[in-house]
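Here the structure is laid out as structure tokens; the discussion comes afterwards.
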Amino acid sequence: MVCITNVRLLLARHGLSPRKNLGQNFLIDEHVLQKIMNAASPGAGDCVLEIGPGLGALTRGLVDAADKVLAVELDKGMVDFLSVEFNEQIRSQTLEIIHNDILKADLLTLVGPYRHMRLKVVANLPYYITTPVIMRLLECGLPFESHTVMIQKEVAQRITAVPGTKDYGALTLAIAYHAAAEIVANVPVNAFVPRPEVDSAVIRLTMHSRPLVSADKDSLFRIIHAAFAQRRKTLVNALFSAGMGESKEHLSDTLIKCGLRPDIRGEALDIHAFARLAEALQGGRACLHL
Ligand code: SAM
């Protein structure tokens, strides 16, 4: 793996410099790299989608272990660098470097042809787009088995938070709807060149093989967003101010029927409790009182 001096030399030799606006913080810590590989566990039969390969710190291990790696990189300078550096793997068709924006790439066209393989995502994500990238991957309809990604520690804590804590919120539940989330490593700033301003963490999202809850998704998330828009209010007051329920009494009765206290706050409910409530309210929109 490249060290600090090597990153600077490699970049300089190719006329490149780290682009802050593209979230370019290159990983230089071998132990962290190993933890990512252990968590993702790439192997035969795997097709790995890597986002932002950069100078190839993760790519090297991925092409050695997996049968196919699709690496999407926005920076043309990095694409040119990787095309030379990984010439052999590109020629043998183990690696495909795609010059594109992960938020715009047509994922079904790109990854769809490999859906007969075990699909995984591995990335040291550019932090300026962490949440939209994760949500896009989770909602694109491709059967990824897992996503092992480096993200800001603060976002990792929100994603893996438990009910009743300050970090728990709509983002936690948006992820929980699709996958089980865990932090597999905490990563300090000195694991990167240049150093980012915040600490990082590696998380693994293991996709649910079947939907976790049967409630209508739009109704469920309308309720969740209303609950966390005013998280200090009781759930009854938060939902009523968002125009839900025929009356506060109706909302209190519905909570009791769902086995919940009428004075409960949204932050105390897990995804199953929110789903029970969404079903009991017959899908938010149907019982708007406005
Ligand atoms: N994987 C390398 C590593 O671990 O050292 C680089 C990771 S760096 C945090 C993020 C990478 O994502 C950079 O190479 C950057 O150019 C790329 N990137 C930034 N925005 C992107 C986007 N919208 N689509 C694809 N790649 C992007």
Side-chain angles (χ1 to χ4, degrees), residues 1-11 14-40 42 48-66 69-86 89 95-107 110-111 120-137 140 147-156 184-185 187-203:
M1 148 154 254
V2 291
C3 63
I4 300 182
T5 347
N6 280 356
V7 166
R8 299 238 154 85
L9 276 176
L10 276 177
L11 289 170
H14 291 262
L16 302 167
S17 51
R19 293 173 66 181
K20 201 172 176 186
N21 63 329
L22 290 186
Q24 291 183 351
N25 302 101
F26 302 100
L27 182 63
I28 54 158
D29 187 315
E30 186 74 46
H31 298 292
V32 175
L33 176 69
Q34 208 45 60
K35 284 184 183 169
I36 295 173
M37 289 302 157
N38 290 345
V48 178
L49 173 65
E50 186 189 358
I51 296 137
L55 294 170
L58 303 179
T59 321
R60 180 75 56 196
L62 295 175
V63 289
D64 284 348
V69 178
L70 303 167
V72 180
E73 172 59 62
L74 182 57
D75 186 344
K76 179 74 167 66
M78 297 293 152
V79 171
D80 292 344
F81 168 85
L82 292 163
S83 304
V84 175
E85 200 68 17
F86 289 89
Q89 291 83 353
L95 175 63
E96 227 176 281
I97 312 273
I98 300 105
H99 180 212
N100 207 338
D101 180 338
I102 191 62
L103 291 178
K104 295 190 183 143
D106 179 347
L107 294 176
L110 182 65
V111 186
K120 294 177 177 174
V121 172
V122 180
N124 172 10
L125 284 177
Y127 292 174
Y128 72 106
I129 45 171
T130 304
T131 312
V133 171
I134 294 179
M135 291 316 299
R136 185 158 201 252
L137 292 167
C140 71
H147 301 69
T148 306
V149 290
M150 175 104 70
I151 60 175
Q152 304 92 311
K153 187 174 178 180
E154 173 259 327
V155 180
V184 295
V187 183
V189 293
N190 58 12
F192 307 89
V193 169
R195 292 180 182 196
E197 276 150 25
V198 293
D199 284 335
S200 304
V202 179
I203 59 165

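Quick caveat, the model's predicted, so the values are computed rather than measured. Read the numbers this way: they start at 1 and go in the same order the structure lists the ligands and their atoms.
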Checklist outcome for this item: Minimal heavy-atom distance between Leu16 and Gly77, with the atoms involved, is CD2-CA, 3.6 Å
Next on the checklist: What protein heavy atom lies closest to atom 1 (N) of ligand 1? Include the residue and the distance to one decimal.
Outcome noted: Gly52 O, 2.8 Å
Checklist outcome for this item: Any heavy atom of Asn100 under 4.0 Å from ligand 1? The part involved is backbone
Checklist outcome for this item: Correct closest heavy-atom pair for Ile102 and Arg136 would be O-NH1, 2.6 Å
Checklist entry - Can you list the steps and then say if Glu73 with Ile98 is a side-chain contact (heavy atoms from CB on, under 4.5 Å)? => result CA-CA 6 Å; Glu73 172 59 62; Ile98 300 105; over 6 Å; no
Item to check | Per-atom contacts, ligand 1 versus Gly23 - under 4.0 Å to a heavy atom | outcome: 8 (S), 9 (C), 10 (C)
Checklist entry - Does a salt bridge link Lys76 with Asp80, judged by any charged N lying under 4.0 Å from a carboxylate O? => result yes
Next on the checklist: Can you tell me which portion of Ala123 lies within the under-4.0 Å heavy-atom range of ligand 1? Options are side chain, backbone, both, or neither.
Outcome noted: neither
Next on the checklist: So Arg195 and Asn190, do their side chains get closer than 4.5 Å, heavy atoms only?
Outcome noted: yes
Item to check | Residue pair Leu55 / Met78, side-chain heavy-atom distance below 4.5 Å | outcome: yes
Next on the checklist: Does this structure show an ion pair linking Lys120 with Glu50, if we count only N-O contacts that are shorter than 4.0 Å?
Outcome noted: no
Item to check | Contact with ligand 1 for Ile129, non-hydrogen, under 4.0 angstrom | outcome: yes
Checklist entry - Quick one: which ligand 1 atoms are inside 4.0 Å of a heavy atom on Glu50? => result 1 (N)
Checklist entry - What atoms of ligand 1 come within less than 4.0 Å of a heavy atom belonging to Gln24? => result 13 (C), 15 (C), 16 (O)
Item to check | Those atoms of ligand 1 less than 4.0 Å from some heavy atom in Leu27 | outcome: 3 (C), 4 (O), 5 (O)
Next on the checklist: Under 4.0 Å from a heavy atom of Pro53: which atoms of ligand 1 are those, numbered in the order shown and with their elements?
Outcome noted: 1 (N), 2 (C)
Next on the checklist: Quick one, Lys20 with Glu197, criterion salt bridge (Lys or Arg N to Asp or Glu O under 4.0 Å). Give me CA distance, side-chain angles, the key distance, then yes/no.
Outcome noted: CA-CA 11 Å; Lys20 201 172 176 186; Glu197 276 150 25; 3.2 Å; yes
Checklist entry - Hey, does Leu58 have a side-chain heavy atom less than 4.5 Å from the side chain of Met37? => result yes
Checklist outcome for this item: Any heavy atom of Met150 under 4.0 Å from ligand 1? The part involved is neither
Next on the checklist: Tell me the protein heavy atom at minimum distance from atom 26 (N) of ligand 1, and give that distance in Å.
Outcome noted: Leu74 N, 3.4 Å
Next on the checklist: Taking Glu154's backbone N and O only, do any of them form a donor-acceptor pair with Gln152's side chain (distance below 3.5 Å, no angle check)?
Outcome noted: no
Checklist entry - Hey, is Asp101 one of the residues with a heavy atom under 4.0 angstrom from ligand 1? => result yes
Item to check | Contact with ligand 1 for Tyr127, non-hydrogen, under 4.0 angstrom | outcome: no
Item to check | Close-contact set for ligand 1 against Gly54 heavy atoms, below 4.0 Å | outcome: 6 (C), 14 (O)
Item to check | Backbone or side-chain N or O of Glu73 under 3.5 Å from ligand 1 N or O | outcome: yes
Checklist entry - For ligand 1, which atoms have a heavy atom of Val72 less than 4.0 angstrom away? => result 25 (C), 26 (N)
Item to check | Pi-cation contact, Phe26 with Arg8 (under 6.0 Å, within 45°) | outcome: no
Next on the checklist: Out of the candidates Ile151, Val155, Thr148, only one should pair with Ile203 under the side-chain contact (heavy atoms from CB on, under 4.5 Å) rule; please name it.
Outcome noted: Ile151
Checklist entry - Short list, please: which atoms of ligand 1 are under 4.0 Å from a heavy atom of Asp75? => result 16 (O)
Checklist outcome for this item: protein heavy-atom neighbour closest to atom 24 (N) of ligand 1 works out as Ile102 N, 3.0 Å
Checklist entry - Which residue holds the protein heavy atom closest to atom 3 (C) of ligand 1, what is that atom called, and what is the gap in Å? => result Asn124 ND2, 3.5 Å
Checklist entry - Who's the nearest protein heavy-atom neighbour of atom 19 (C) of ligand 1, and how far? => result Leu22 O, 3.1 Å
Item to check | Non-hydrogen side-chain atoms of Leu125 and Ile134 separated by less than 4.5 Å | outcome: yes
Checklist outcome for this item: Correct closest heavy-atom pair for Pro194 and Gln24 would be CD-O, 3.4 Å
Checklist entry - Under 3.5 Å between some N or O of ligand 1 and some N or O of Met78? => result no
Checklist entry - Can you tell me the protein heavy atom closest to atom 18 (N) of ligand 1 and the distance? => result Pro126 CG, 3.8 Å
Checklist entry - What is the nearest protein non-hydrogen atom to atom 20 (N) of ligand 1, stated with its residue, atom name and distance? => result Tyr128 OH, 2.8 Å
